[in-house]
Amino acid sequence: MGWRGYKGTIDAGMLFKKMYCKKCGTRLKIKKNSRIVNKGDADFSSAMPGRFTPIGMSSYYDATYIYLCPNCNSETTYDEQCNIAKIQKLLKTKILKDND
């Protein structure tokens, strides 16, 4: 059966920076996407972050974090949102005109 590991990281900027939606200007919330990766899956990796070796691990819990707008339900990754935040700061507005 084995044991189940955990693989997930969150950027420090997601915890400490206020980010705003480019479509409606609402403050973004953090959403956790998680899934279980089993040993036979193509995404399975026996190399885990940290100093522990996953001997006998049959599956692990993989978590990724993204931004979610509670108003318009648009999703953005951290890297994309950092680029959007730079543009918002240069233009001195939260809502950008080139909505896609």
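Remark: D41 CG to D62 CG distance equals 11.0 Å, nearest 0.5 Å. With values rounded to the nearest 0.5 angstrom, Q81 atom CD is found 4.5 Å from I84 atom CD1. Atom CG of N73 is separated from atom NZ of K31 by 8.5 Å, given to the nearest 0.5 angstrom. Rounding to the nearest 0.5 Å gives a distance of 16.0 Å between NZ of K92 and CD1 of I87. Between the CD atom in Q88 and the CD1 atom in I95 there is a gap of 9.5 Å [rounded to 0.5 Å]. With rounding to the nearest 0.5 Å, the separation of NZ in K29 from CD1 in I66 is 15.0 Å.
Hydrophobic clustering of Ile, Leu, Val, Met, Phe, Trp and Tyr side chains at less than 4.5 Å, counting indirect connections, unites M19 with L15. A continuous path of hydrophobic side-chain contacts links I10 to Y61 [ILVMFWY only; heavy atoms under 4.5 Å]. Following chains of ILVMFWY side-chain contacts shorter than 4.5 Å, one can reach I30 starting from Y78, so the two form part of one hydrophobic cluster.
The heavy-atom pair separating T26 from C69 by the smallest distance is CB-SG, 4.0 Å. Of all heavy-atom pairs spanning Y67 and M14, the tightest one is OH-CA, 3.3 Å.
Y65 does not carry K32 over the face of its six-membered ring by the limits of under 6.0 Å from the centre and within 45° of the normal.
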